[in-house]
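Reading through the C-alpha cells given below for one structure.
Labels below follow one simple rule: chain letters A, B, ... track the order of the sequence lines, proteins then strands, and each chain is numbered from 1. Just so it is clear, the values below take in all heavy atoms, side chains as well, and ignore hydrogens, waters and symmetry mates.
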Amino acid sequence: MLQLNYLRDHREAVIQRLKHRFFLTAEEDVDRILAFDRKRRQLQLDLDTTQARSNALSKEIGQRMKEGNQEAAESARRETAELKQRAREWGEELATTEKALYDVLVTLPNLPHASVPAGRTAEENEVVLQHGTLPDLPETALPHWDLVKQYDRKTGPIVDFELGTKITGAGFPVYKGKGARIQRALVNFFLDEAQRAGYVEIQPPLVINRDSGFGTGQLPDKDGQMYHIPEEDFFLIPTAEVPITNLYRDVILASADLPVKHVGYTPCFRREAGSWGAHVRGLNRLHQFDKVEIVQVCQPEHSYAVLEEMSQYVQGLLRKLELPYRVLRLCGGDMGFTAALTYDMEVYSAAQKRWLEVSSISNFETYQANRLKLRYKVEGKTQLLHTLNGSALALPRVLAAILENNQTSEGILLPKILQPYAGFEKID
RNA sequence: AGAGGGAUGGCAGAGUGGUCGAUUGCGGCGGUCUUGAAAACCGUUGGCUGUAAAAGGUCCGGGGGUUCGAAUCCCUCUCCCUCUGCCA
C-alpha cells in the first residue's frame, strides 16, 4: 500500500510513475484519494475539537458532583448532549470517508523504480544478462514430459502426471523413485546453500489467514488465485513469502536486528485460474509445486544493494547446477502489483527450446511494510522498512531443464553438485 | 468437542465507573560514580493521528452497547490457558 503522506506531497510524480506501469486510472484515482484525504482531515479536526470539549465537560461534571454542586453538574451535562450528537455525525461521516479513501488506496499498485523499463507486456522485459552456452541437442531429444515416462527404466515414470490426475486432478503430479529423490536433493541443496549465505531457516504454516494474505498483498484482489478453505476463511499458501514475511507483521525492529534474512522450503498452491493454455504441459505450470524462498527485511537505504545481492546469490545456484540462464528486468506492465523492481531468472530448457522462469526476485520497498506495519526505530522515530523476496529456487522448471538439457543416449546425468545429495549420478 | 478461567505498555503484573495512557518491578536508553566494568543512585522510556513545534484526538484482544464519563458494567466474536474426551 502506498503511503498517504508521500502521495500528498508528490502527486505528479506518483501519477507519472503509475502510468509507467500502464495503470490507466492513475490520475483519477490519486485525485479521488487526495480529495477524500482533505475531507477526512477536516472531519477529523471537527471531531477532535468536539471531543476535546466533551472530555473537558465530563471532567467538570465529575468535579462538580464531588463538590456537591448538582446544579452546575446538570448544566454541563445538558451541554454534552448536543456535543455528543454532533460527534456521532462527524464520526460516521469520517468512517465513511476513511473507508472510501482506503478502498481506492489499496487498488493502487506499487510505484516502479526509476530503472524499470517502459513496456506493457513480457515482450518488453529487458534482458540484463545471459550466462552459459545453450545445449545443442540432437533432433531425437525429448521434452521432459516424454523423458519422465521413459525413465526410470526399473521403477516407471519418475514424474507421473496421470497418476496425479487420479489422486487429485491436472497439475498435481506424483514424483516417484529417482524423481522424488531429485526433488529432495534440490531442496536440501538449496537450503544448505542459503544457510551458508546467512539465511535463517523457517518452517512456516502452509495455511494462512486473511490478515496474512492482506499483509503481503495477495488480498484483497488476488484471492481467486489461492485455494480457499471457507470454514475458517483460510488460504493455502501460494508461496512461502506470505507466511515468512508475515512473521514481521505488526513488528517494530531494532536496527541491530537488521537485515533479517530467512529461507523456507514449502509446497506452493496456486489455482492458476485462467492461465492454462499452450506452453503449460508437463512441469511448466502446476497447481502444487515445491519452492525454496528467500526473504529479507532491511533499511530503506540498503534495499537495492540487497536486491543485487539476492540476484547474485540466485545466479550462483544456477551456475552450480550448470544451467544456462538469463536475467530479466521486468518492464512496468509485467511487474507484479506489489513490486517496485523485479528480476526474473529464466533457465533454458533445451528440448522445449524455451526459457522457463525459475525465480522472481523483487524489492517491494515500503509497499508490503506499510500494510504489515513493519517498522524500525531510527533516531527515535519509527520508520517503515523495506521487504524483499525471491525464489531460490522453484523446483519443477529446474527439474524440467535438468532432465532435458542433460539427456544422453545412456540416460540423464545429474549435475555434479546434486549427485551427493541425490545419492546417484544418472537416471537410466 | 464439553466445563471452567483468562486476554492490560518489550516482558512480568496492578488497576473493577471519574484528573488512568494507565501504580510497580524487570528490561531498554541517558547520566553520576569508576582506570574500565559491575553494583548503587538519578533521570528517561508505547503505537497511531495531528502540528513548524505544541496543543488536541485515539488506542487496555476485535466489534457493538449502557453512561455526562468505561481498562473497569452489558452483548458478541476471536484467541490463549487448565481439566475431561478424541487423535498424528
Side-chain angles (χ1 to χ4, degrees), chain A residues 1-9 33-34 36-102 105-106 203-215 219-220 228-235 243 246-258 260 267 297 366-385:
Chain A
M1 192 157 64
L2 297 179
Q3 294 175 77
L4 193 53
N5 55 7
Y6 183 85
L7 222 134
R8 230 151 28 205
D9 300 338
I33 289 170
L34 292 176
F36 283 135
D37 184 46
R38 279 189 294 273
K39 187 175 176 196
R40 196 201 101 233
R41 299 216 284 169
Q42 183 56 51
L43 284 166
Q44 185 79 61
L45 189 68
D46 295 341
L47 180 66
D48 285 0
T49 313
T50 312
Q51 285 186 324
R53 176 67 186 145
S54 189
N55 288 342
L57 280 172
S58 284
K59 272 184 189 165
E60 196 185 319
I61 291 170
Q63 281 296 329
R64 295 290 167 267
M65 287 180 43
K66 243 179 217 165
E67 294 162 6
N69 189 342
Q70 289 297 331
E71 212 164 293
E74 193 49 45
S75 120
R77 186 178 299 187
R78 271 194 298 276
E79 195 186 334
T80 60
E82 192 205 338
L83 289 176
K84 214 180 152 185
Q85 179 56 30
R86 286 233 305 272
R88 179 179 285 271
E89 282 162 20
W90 299 129
E92 277 169 12
E93 206 179 341
L94 180 65
T96 312
T97 308
E98 277 178 340
K99 176 76 166 66
L101 189 161
Y102 175 85
L105 188 61
V106 294
Q203 282 192 20
L206 308 181
V207 180
I208 52 142
N209 59 28
R210 194 164 276 278
D211 285 345
S212 296
F214 177 78
L219 296 173
H228 184 228
I229 301 164
E231 285 83 352
E232 12 283 304
D233 199 25
F234 288 161
F235 299 86
N246 270 281
L247 297 176
Y248 295 91
R249 172 152 45 88
D250 248 320
V251 166
I252 299 178
L253 292 168
S255 297
D257 301 328
L258 300 166
V260 170
V297 178
T366 59
Y367 194 92
Q368 290 182 331
N370 193 25
R371 290 185 169 204
L372 293 161
K373 302 201 196 322
L374 166 52
R375 294 157 295 175
Y376 77 122
K377 292 271 191 190
V378 54
E379 286 159 16
K381 297 193 103 177
T382 49
Q383 260 203 359
L384 291 173
L385 285 161

Results of side chain to side chain contact (heavy atoms under 4.5 Å, CB included) for A/Arg38 - residues two or more places apart only: A/Leu34, A/Ala35
Intermediate values then yes/no, side-chain contact (heavy atoms from CB on, under 4.5 Å), A/Arg40 and A/Leu4: CA-CA 12 Å; A/Arg40 196 201 101 233; A/Leu4 193 53; 3.5 Å; yes
Rounded C1' spacing from B/G50 to B/U45 in Å: 22 Å
Nearest-Å distance once atom C1' is located in both B/C59 and B/A71: 11 Å
Side chain to side chain contact (heavy atoms under 4.5 Å, CB included) partners of A/Ser54, counting only residues at least two apart: A/Leu83
Nearest-0.5 Å distance, CZ of residue A/Arg249 to CG of residue A/Asn246: 4.5 Å
B/C79 versus B/A22 - spacing of their C1' atoms, nearest Å: 24 Å
C1'-based separation of B/A3 from B/G9 [nearest Å]: 33 Å
RNA chain B base-pair string [pairs: Watson-Crick or G-U under 3.5 Å; |: paired with another strand]: ((((((((.[[[..)..(.....]]]((((((.......))))))((((......)))).[[[[[..)....]]]]])))))))....
Under 4.0 Å protein heavy-atom contacts per nucleotide of nucleotides 47-63 of chain B, with B for base, S for backbone only and - for none: SSSSS----BSS-----
Pairwise side-chain contact, A/Met1 with A/Leu105, heavy-atom cut-off 4.5 Å (strictly under): yes
Exam field: side chain A/Asn55 to backbone A/Ala52, donor-acceptor pair closer than 3.5 Å: no
C1' atoms of B/U8 and B/A14, separation to the nearest Å: 10 Å
Worked check of side-chain contact (heavy atoms from CB on, under 4.5 Å) between A/Lys84 and A/Thr80: CA-CA 6 Å; A/Lys84 214 180 152 185; A/Thr80 60; 5.7 Å; no
Spacing of the C1' atoms in B/G62 and B/A55 (rounded, Å): 31 Å
Candidates A/Asn370, A/Asp9, A/Thr366 - the one meeting side-chain hydrogen bond (donor to acceptor under 3.5 Å, both in side chains) with A/Gln3: A/Thr366
Side-chain donor or acceptor of A/Arg210 paired with backbone N/O of A/Asp233 under 3.5 Å: no
Distance, P atom - from B/G36 to B/G47, rounded to whole angstrom: 33 Å
CD1-CG distance between A/Ile208 and A/Leu219, expressed to the nearest 0.5 angstrom: 6.5 Å
For nucleotides 17-23 of chain B, which of its nitrogen or oxygen atoms have a protein nitrogen or oxygen under 3.5 Å away, and what is each distance?
from	atom 1	to	atom 2	distance (Å)
B/G18	N2	A/Ser58	O	2.9

Same-atom distance (C1') from B/U24 to B/G13, integer angstrom: 8 Å
Partner residues of A/Arg8 under the salt bridge (charged side-chain N to carboxylate O under 4.0 Å, His left out) criterion, sequence neighbours left out: A/Asp37
